Structures are given as C-alpha cells and as structure tokens.
> 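Next up is a structure, given as structure tokens.
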Protein chains: 2
Amino acid sequence: MEPLTPTGRVVLGMLRMGKRTGYEIKQLVDVSTRFFWAASYGQIYPELKRLEAQGLVEGTPQPTGGRARTEYSLTPAGRRALDDWLASPAELGYEVRDEGLLKLFFSEDRDAGEVLDTVRAMRAKHERTLARLQEAHPTPEEPEPGPYLSLDYGLGLHQWVIDWCRRTERRLERVASAGEARAGGRRRA
Amino acid sequence: MEPLTPTGRVVLGMLRMGKRTGYEIKQLVDVSTRFFWAASYGQIYPELKRLEAQGLVEGTPQPTGGRARTEYSLTPAGRRALDDWLASPAELGYEVRDEGLLKLFFSEDRDAGEVLDTVRAMRAKHERTLARLQEAHPTPEEPEPGPYLSLDYGLGLHQWVIDWCRRTERRLERVASAGEARAGGRRRA
DNA sequence: CAGGTCATGTAAAGCGTTACATGATTTT
DNA sequence: AAAATCATGTAACGCTTTACATGACCTG
C-alpha cells in the first residue's frame, strides 16, 4: 500500500467532511485550508482517480440533468488510511516560502524607505488574508477540534504578523527620517 | 530579459552578501533563509550556470590545490536585476504548507487525546526551530534591515506559535479529561 | 588512515500551477 | 441573451527534492 500523497490527504479529509465532487472539494479548499494547504483542479481530479484505483474512494456517476458529475465517498479502507495518517506520529511537514521576508533578509544596504515599502506590502497582504478569515466565519470563542481550531490559529497568526509589521514600520520610519536628516538635501538617482 | 527564477533571487542575494561558491551559498541558506526560503544543491548549481548564461553573474575557476572550485560574483547587470527585484512593487509570494494545521482541520471527530498529540508535536517542532534560531545568533535589540530583521521576525513568530500550542493544549486537556469522565470506563478500539 | 568537510554536479522522480478545452445549467 | 456557476478533465511547464556519483583536502 503506497502512502498517501500530500494532495491525497486533503481529498480524503474533505470527503469525510461531506464533500462529494472534485468541484466541491476545490470550493471548500479555497475558503479554508488554502491558507496553509492549497490544491488545484489539476491535482484534485487525477488524485481522485488514483485514490479510486487504490480502493480508498469510490465514485458513482450522479449527473445533474445532462451535466456530468461524479460523487465520491470514502471506502472503509479510505477511512482507515485517513485515520492512520491523522494518528501517525511521523514528522509533520512544515514549509514556508515568504518572498517578503527574503527581501528583508537582503535589505542590508537598501535605503530605509524601500525596506519600509516592503514591510507595508507584507502587512497589506496579511491584512487581506485576515479580512478573508474574519468574513463569513464566526470567530470561535472556545474552538473545538476541527476547522475552528485552524481558524483560531489563522486569526491569531496573521494578527501577530500585522502587529510585527506595524512595530517594524515605526522603527523604520524613525531610521528613515534620521537618514534623511543626515543626508540633508542629497538624493540618490 | 527573462525574469529571475525564485532560486535565482536567493543566489543573487547571497552573492551580494559576499558568498562566492555554490557550496558557500548552500551553507548560509541552511542556517538562515531556510526557515522561509529553502534551496538545494540541485537548484543552486544549475541556477548559477543559468545566471552566468544570462550575464548576471560571472564565475572564475579558483581551485584550492587540486580541488575544483568556482568563485562567482555579481556583474553590474546582476546587481541591477537584484535591486530591481528588491524594489519591485509586485505582489509578494507567500505560501505555507503546514501538515499539523491540516490534521487539526480534519480533527473534528477524533478523540481529544489524539488531537492533543498533534498539537504537542507541532509545538515540539517549533521549539526546535526556535532553539536553532536562538543558538549562534545574538538576539537583536533594534534589528537593522537585513538578516537581523528576518531573525527578529522568526523569533517572534515561532514564539507565538509555541504559545498558541500551549494555550490550545490546556484547553484540550480539559476537554480530554471531561470526555474521559463522561465516557466512564469505556475505551475505543 | 578514517572520517569529516569542501566542492561540484546530474538524473529521476514528485509535486504543483497554469492554461486550455468543453459543455450544461442557472441566474440576471 | 449574456454572464456566472457547475463540472470535469488534460497537457505543458516549472520548480524542487532526493539520491547518486566523484574526488580532493584536512583533522585526529
């Protein structure tokens, strides 16, 4: 039994949450796990076929009128595979690719104004994400295991980043104006 | 002029920071940007060739005794390409893949003990990362633009995650013991 | 002299996004 | 009647990791 692929895990999980078609899975991914685990149609549809070939899901054609449509559901083996992964003590994958941070890392010799722009752009980005998370989702008071727990994490994390950006902006603004004062009227090309 | 590839940006940046060989670049990546931007030999060496073909870097053979070795440096065009990227107002790429969060998202029907294990594993992971960041790096008081700024971010971020995990663990411990009390002697297979 | 580090590279495989193609149904 | 949404899929491309291969030099 080959191990679940990364996308296979999302698909199985979404199926257990009650989603039926590839299309529905994608819809839910886009408003929920997307922020820490994305998936595209180009992954989802082939993955459903693979999982079916492995006997972990079962698809039944359920057209809506003349529109092709396949409803999938977990097989017992699929449910087991999902539970095994969830309970597995294996190292949890964690990867980040943050272009803003990379720019900051390389910003040693740049003038403070440019660095400030980068930090502001980072903040704007996380503010948009936070707004998305808040909109349409009730903020959980005592988040239960499940989607609310990840939501609680997302709300707190992006808020932390936004606060860090604000603190950093204040510091850079001081540096920028001090730099300007020292530089007097001089301006770079 | 083709745009810089993702890895091309790191390579150019590391070169400006004074690194000379592919090997040196990889060493620095592994103790610094790795936490928000990784790169492997399989990317770095071919990328150096590509950048040379594009005229953005220049390689000179500088063997150490009989050991092959190529020192690279930025050409004026390379420096320009780097500066252009750094100053570019284009959307900042940001991607996360967090297997722990994905598990939590799907943990609706799992028993609290298992969820607790996942949160503890997440915390352990971020604690190891935090330790790495603290070790060998002086904690910056007033981080200047450059590596210290990203370090400051990393220290704060991972600390936030660790705190979130701790809060969440406390909550789940209450739920877990309440669940046990309700369940009485019963145990699942 | 063994083991570690310096140093460079390639091939294959895996994972993923983007763009395209198709067509029915529902809403405006 | 147009536009949006439902629904499925594929092909090309791009990026990245892993594993392998090679060999010199340095340290204990």
Side-chain angles (χ1 to χ4, degrees), chain A residues 2-11 14-15 19-31 33-34 36-54 57 59-72 91 93-99 102, chain B residues 2-11 14-15 19-31 33-53 57 59-72 91 93-99 102:
Chain A
E2 314 95 58
L4 288 179
T5 64
T7 302
R9 313 200 267 243
V10 203
V11 169
M14 289 302 185
L15 250 23
K19 295 305 151 195
R20 298 176 148 72
T21 68
Y23 188 80
E24 274 184 11
I25 290 171
K26 170 69 170 154
Q27 302 309 301
L28 182 51
V29 164
D30 279 351
V31 296
T33 65
R34 182 170 61 114
F36 51 87
W37 203 286
S40 64
Y41 288 125
Q43 280 298 119
I44 293 170
Y45 285 117
E47 185 63 35
L48 281 166
K49 303 254 160 137
R50 263 195 300 277
L51 291 170
E52 189 168 31
Q54 290 172 60
V57 307
T60 347
Q62 293 279 318
T64 312
R67 180 161 54 193
R69 191 162 164 282
T70 308
E71 284 188 2
Y72 288 90
E91 183 75 0
Y94 180 75
E95 273 171 72
V96 179
R97 228 136 231 267
D98 188 330
E99 195 182 344
L102 191 63
Chain B
E2 315 96 57
L4 287 179
T5 63
T7 303
R9 314 200 267 243
V10 203
V11 169
M14 289 300 185
L15 250 22
K19 295 305 150 195
R20 299 175 148 71
T21 68
Y23 188 81
E24 274 184 10
I25 289 171
K26 171 68 169 152
Q27 302 309 302
L28 182 50
V29 164
D30 279 352
V31 296
T33 64
R34 183 172 58 117
F35 303 103
F36 51 86
W37 203 285
S40 64
Y41 287 125
Q43 281 296 118
I44 292 170
Y45 285 117
E47 185 64 36
L48 280 165
K49 303 254 160 132
R50 264 196 299 276
L51 291 170
E52 189 167 33
V57 306
T60 346
Q62 293 281 318
T64 313
R67 180 161 54 195
R69 192 164 163 280
T70 308
E71 285 189 0
Y72 288 90
E91 183 74 0
Y94 180 75
E95 273 172 71
V96 179
R97 226 135 232 267
D98 187 330
E99 194 182 346
L102 191 63

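Quick note: numbers below take in every heavy atom, side chains included, and nothing from hydrogens, waters or symmetry partners. In what follows, chains are A, B, ... by sequence order, proteins preceding strands, each numbered from 1. Remember, predicted model here, so these are calculated numbers, not experimental data.
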> If you assign each of R69(B) and R97(B) to its closest nucleotide in DNA chain C, which residue comes earlier from the 5' end?
R69(B)
> Using the closest heavy atom to pick a nucleotide of DNA chain C for each, name whichever of G65(A) or G22(B) lands nearer the 5' end.
G22(B)
> May I have the distance from R34(B) (atom CZ) to dT16(D) (atom C1'), rounded to whole angstrom?
16 Å
> Let me know the distance between CD1 of I44(A) and P of dG9(D), rounded to the nearest Å.
12 Å
> Does L48(A) offer a backbone N or O that forms a donor-acceptor pair with the side chain of E52(A) under 3.5 Å?
no
> Within the distance-only criterion (no hydrogens, no angle test), does the side chain of R97(B) pair as donor or acceptor with the backbone N or O of A38(A) below 3.5 angstrom?
yes
> Where the side chain of R69(A) meets the backbone of Q62(A), is there a donor-acceptor pair that is under 3.5 Å apart?
yes
> So does K49(B) get a side-chain nitrogen or oxygen closer than 4.0 Å to the phosphate oxygens (OP1/OP2) of dG9(C)?
yes
> Expressed in angstrom and rounded to an integer, what is the separation of E47(A) atom CD from dT8(D) atom P?
16 Å
> Rounded to whole angstrom units, what separation is found between the CD atom of E2(B) and the C1' atom of dC13(D)?
15 Å
> Pairing donors with acceptors under 3.5 angstrom, does anything connect the side chains of T60(B) and E71(B)?
no
> Could you give the CD-to-C1' distance, from E95(A) to dT18(D), as a whole number of Å?
14 Å
> Please test E47(B) against R50(B) for salt bridge (Lys or Arg N to Asp or Glu O under 4.0 Å), starting from the C-alpha separation and ending with a verdict.
CA-CA 5 Å; E47(B) 185 64 36; R50(B) 264 196 299 276; 2.7 Å; yes
> Contact class for S40(B) vs. all strands (heavy atom < 4.0 Å): base, sugar-phosphate, or nothing?
base
> Using a cut-off of strictly less than 4.0 Å, decide whether Y23(B) has a side-chain nitrogen or oxygen near OP1 or OP2 of dC6(C).
yes
> Tell me the interatomic distance from D30(A), atom CG, to dT17(C), atom C1', rounded to whole angstroms.
13 Å
> Where the side chain of R67(B) is defined as all heavy atoms beyond and including C-beta, which of dA7(D), dT8(C), dT5(C) is the nearest nucleotide?
dT5(C)
> Side chain of Y72(B) only, please: which of dA24(C), dA24(D), dG9(C) is the nearest?
dG9(C)
> NA contact type, P6(A), heavy-atom cut-off 4.0 Å: base, sugar-phosphate, or nothing?
sugar-phosphate
> When you get a sec, tell me which of dT16(D), dT8(D), dT10(C) is the closest nucleotide to the side chain of P46(B)?
dT10(C)
> Return no unless some side-chain N or O of T64(A) is found under 4.0 Å from OP1 or OP2 of dA7(D).
yes
> Closer than 4.0 Å, any side-chain N/O of T5(B) to the OP1 or OP2 of dC15(D)?
no
> Nearest-Å distance, CH2 (W37(B)) to P (dT16(D))?
7 Å
> Given dG16(C), is OP1 or OP2 found less than 4.0 Å from the side-chain N or O atoms of T7(A)?
yes
> With heavy-atom distances below 4.5 Å as the criterion, would you say the side chains of V29(A) and V10(A) are in contact?
yes
> Nearest to the side chain of Y45(A), heavy atoms from C-beta on, is which of dT17(D), dG9(D), dC25(D)?
dG9(D)
> What is the distance, rounded to the nearest whole Å, between atom CZ of R50(A) and atom C1' of dA13(C)?
13 Å
> Hey, which of these two, G42(A) or A68(A), hits DNA chain D nearer its 5' end, going by closest nucleotide?
A68(A)
